[in-house]
Each structure stands twice: as structure tokens, then as C-alpha cells.
Amino acid sequence: MNEKKYRFNTRALHAGHEPDETTLSRAVPIYRTSSYVFKDSEHAANLFAIKELGNIYTRIMNPTQAILEERMASLEGGAASLALASGTSAIFNSIINICEHGDEVASSNQLYGGTFTMFHDILPQFNIKVRFFDPTRPNTLKEVINEKTKAVFTETIGNPKCDFADLSGLAEISHDAQLPFLVDSTFTTPYLLRPIEYGADIVIHSLTKWIGGHGTGIGGVVVDSGKFNWNQKKFRLYTEPDPSYHSMRFATDLGELNPIAFALRMRLVPLRNLGACISPDNAWLFLQGLETLSLRMERHCENALAVAEYLKKHPRVSWVRYPGLKDDPAHSLASRYLKKGYGSVVVFGVKGGKSAGEKLINSVQLFSHLANVGDAKSLILHPASTTHAQVPEKDLEAGGITPDMLRLSIGIEDVQDIIEDLEQALAKV
Ligand SMILES: *Cc1c(COP(=O)(O)O)cnc(C)c1O
């Protein structure tokens, strides 16, 4: 299928798959197999030496997963992608696919709680230090880059404060320093934003959220733009013979596959040997989600804007953050990048602080009180006591997580029902 001539919505349904000659199955099949038969000894040896590409073992690749990967690469405008067990493993494997003991990462200070803990507490166990910057002010990135820095990381709409990262500004500073720019675009999805168009080298998603869209599976993906030059001395994992894979020098030994050295190394080294693989069943769930991503995102964005406008006018609400609100501090920056909507996460504070917030959470009926975002159903959470409870106070402040903050992930229900539920709960506060 010549994908080039198809537009986004069509590719969300078709990219990477055509009915196979044997079964003629229209839907993507789930290939539930751990391993694949070699045709003969030469075939087996060629596969291991990547003289020939093909399936070996499902920890490394699987045909259902491969369709998901091709579809995600197509939707993001990337050259290749790799699906993994979770968004968390997608981030961790990306970092260790670049950094060694003694290296540093520069990261946005507005992060998903689990990512913050990984960067702040776990990477230091491997002697990888993370220095934090403000993603809305690219100059603060300049201040934390030094000769040990090997990668720059940001989210698009920061979780949970809802600031928007100045992607072009951050990309320019990263590239001036010859560093790869990694963007976690979970909150925006390729429907709202394709970060590669603004200079991202690597795009990461938690598939668990809007892409899956139904709160049914955990998964992650890493999309390689194929544009970053890894053939620089400071990227030792690419320029020197790799003892963990046939002494291959990934920056130079892959022939025509060299542009996707990052994605290929990630599959052949961290995924193969650390094992955070996606299950074929979950890969299938995310393909199913992608089929309706555009339709759901339209409704998510429309509903979230209506809810943000409603809350803004409510006398018991002290503040609201949603990048789609015209007077939101993130609005002008976000509007430079987002043309179809501003996502479905709305955060706000209720008058009366933390205890009033608790009362509100205990009073909602339609909203589910749980730790997730991006479900088709509306969700509510108090970040300071749950997802971000492990973040030290000074970093909470820098990340804009106030004790009174409530986070909503607005679903695709009838918006009047969502608003009526908030109305009755706010009346009890
Ligand atoms: C959920 C999330 C993650 C982690 O993904 P999992 O699939 O839960 O491991 C990372 N980044 C962002 C922005 C997220 O929302």
C-alpha cells in the first residue's frame, strides 16, 4: 500500500496492514506465538546476524506488534518505531539506549509522576544524573547543558500543570548542542501534534492513555524520526563496537538501515536483553484504539473546553488551567503548535483547599476516581496525595502541583452529563 497518498485518518485505519494471502482476514490478527520456525540453518544464522530481517522470538518482535509499530511511525511521520510493555519502559529504554554511567540528561521539570521518580531517584543508581529546566523557557535548558549531557527530554502538555513546552525553541538549543531531543507526546497524541515536525528526534507515547483510549491495556511506543546523527564521538554506544550485539557499531555498520540506528539498537540491545516487551494482545488493543483516535480526540477536546469554561465561571472554583482557555498562561504557546484542540486534561482548585477537594472527589457520581488519563470515561484525581505524592515539596512547587489541585481527564460522554455531575458535587463542597 502506498501510504504516502493517504491522509491521517485513513492511515490510522490502514497503515502497516493488508489482508494476508493465506487467511484473507480483514482485521489484524493476534499472533499469539512465542517463537518462529527457521527455514533452515542458513536462515537462522542470517536472522541473528541481521543479514536478513525476520521474526525470531516474540520478546524481540511479533507480527501484530510490527503492524502497530508501522502504523505509529506512519502517524507520527517517523522512520521506524518500537512498541514496549509500557510508557514507563519506553522512556527508560530510550534513556539507556543513549546514556551510560557518568552521563547526564536535561529534562523538563513538569513530568508525569513516575517519570519524575525514574529521573530523580532511579537513574542516579546508574550514575546518570538528570538536571531539570522550565519547558516554557528554552533559555533555562541552555543553563543545564554541559559536556556530560547526552539527551534532552520534555512532555508536550506538562503533567499535571498543563503548561505547554516551547518545542521549537527546545529543539533548536538541543540541536545546537548536537543532542537528541526526546518528546513524550502522550497528552497530545499524533492527532493533535506531530513533534517531529517541530524538531523532535524521538517521540514517546504511553499507549495506555488516549491511543488505547478505553482503559484496557498498558503499553508504550518509541518513534525514531531517523534524522538524528548518532555518529558523534560522545555517543559511545553507537560509535564503538557493541559487545552486547556482535560487536556492531550501530552508527556506521547498518548500511541503509543506519538512519534508524536508535530504533534498531533499542530492539536488539535493551529490549532483547532487558525484556520489556509488549504482549501481542495488547498491541492489538492499541491498533483497535488507533482506528477511532481522531473521532475520540475531537470529542475529548470539545468536552474538555466546555468543562474548563464551565469551571472558570463557577463561584466555588478558585482557579482553572486548560491550554484551550483564551486567557490561560499556556494558550498562546500551545496555539502555535495545536491546531485541532488542546487535549482533555483540565486541572483546577476548589475554594477551601485540600479538604474541599476531597469532599468533591467523594461526591462525584459519573467521574471515576482513579489514577489514569485518556480513558473514554471521565476521570478525577488529586495529584498531590497520589501520583505525585513522592515528589519532594520544592519540586512540587516547580512543577506547579498545589495541594488544592484536582485533575480531570474529560471523557467522551454527553458533556451536559459531565457538567451536571460536577455541578452536584460542587454544591456539596
Ligand atoms: C501514563 C504516562 C506515562 C507512563 O506510561 P505507562 O503506560 O503508565 O507506563 C508516561 N508519560 C505520561 C505523560 C503519561 O501520561
Side-chain angles (χ1 to χ4, degrees), residues 65 68 72 76 81-95 105 107-120 122-123 130 132 135 153-165 167 182-193 195 200 202-223 270-271 274-279 281-283 285-286 289-290 293 297 300 304 323 330 334 342-347 370-375 379-381 383 386-388 390-391 399-401 407-411:
Q65 173 189 352
L68 172 65
M72 281 306 303
E76 285 290 0
S81 95
L82 180 67
L84 294 106
S86 63
T88 304
S89 59
I91 295 168
F92 181 67
N93 282 265
S94 294
I95 300 294
V105 175
S107 169
S108 159
N109 61 8
Q110 291 190 33
L111 293 175
Y112 177 74
T115 308
F116 182 83
T117 304
M118 182 197 305
F119 284 5
H120 189 263
I122 298 175
L123 291 182
V130 181
F132 295 95
F153 182 94
T154 189
E155 295 179 6
T156 52
I157 299 175
N159 181 357
K161 190 182 169 190
C162 289
D163 273 346
F164 199 86
L167 297 175
L182 280 60
V183 177
D184 176 343
S185 188
T186 301
F187 273 45
T188 28
T189 81
Y191 172 75
L192 294 179
L193 177 76
I202 306 296
V203 179
I204 299 170
H205 290 281
S206 167
L207 296 167
T208 313
K209 313 296 170 50
W210 290 269
I211 288 174
H214 299 79
T216 49
I218 303 280
V221 72
V222 177
V223 181
L271 180 65
L274 300 177
C277 58
I278 192 168
S279 76
D281 295 69
N282 281 349
L285 282 175
F286 299 127
L290 279 175
L293 177 68
M297 288 310 289
H300 274 300
Y342 297 86
S344 75
V345 173
V346 178
V347 293
L370 54 76
N372 192 18
V373 288
D375 196 313
L379 316 173
I380 189 166
L381 186 81
T386 56
T387 51
H388 291 71
Q390 269 179 253
V391 179
I401 303 156
R407 184 184 75 190
L408 304 177
S409 174
I410 300 299

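Both counts, for ligands and for their atoms, begin at 1 and track the order of listing.
In this structure, the side chain of His205 does not engage the main chain of Val203 through any donor-acceptor pair within 3.5 Å. Within the 3.5 Å criterion, the main-chain N or O of Ile410 finds a donor-acceptor partner in the side chain of His300.
In this structure the side chain of Leu68 never reaches within 4.5 angstrom of the side chain of Val221, judged on heavy atoms.
Outside the 6.0 Å centre-distance limit, the rings of Phe187 and Tyr112 are not counted as a close aromatic pair.
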Please tabulate, line by line, the atom pairs linking an N/O of ligand 1 to a protein N/O at a distance below 3.5 Å, with the distance in Å to 0.1, or answer 'none'.
unit_1: ligand 1; atom_1: 5 (O); unit_2: Ser206; atom_2: OG; d: 3.1
unit_1: ligand 1; atom_1: 7 (O); unit_2: Gly87; atom_2: N; d: 2.9
unit_1: ligand 1; atom_1: 7 (O); unit_2: Ser206; atom_2: OG; d: 2.8
unit_1: ligand 1; atom_1: 7 (O); unit_2: Thr208; atom_2: OG1; d: 2.6
unit_1: ligand 1; atom_1: 9 (O); unit_2: Gly87; atom_2: N; d: 3.2
unit_1: ligand 1; atom_1: 9 (O); unit_2: Thr88; atom_2: N; d: 2.9
unit_1: ligand 1; atom_1: 9 (O); unit_2: Thr88; atom_2: OG1; d: 2.7
unit_1: ligand 1; atom_1: 11 (N); unit_2: Asp184; atom_2: OD2; d: 2.7
unit_1: ligand 1; atom_1: 15 (O); unit_2: Lys209; atom_2: NZ; d: 2.7

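Side-chain contact of Thr186 with Asp184: a donor-acceptor pair under 3.5 Å is present, judged by distance alone.
Of all the heavy atoms in Phe286 and Ile218, the pair that sits closest is CZ-C, 3.6 Å.
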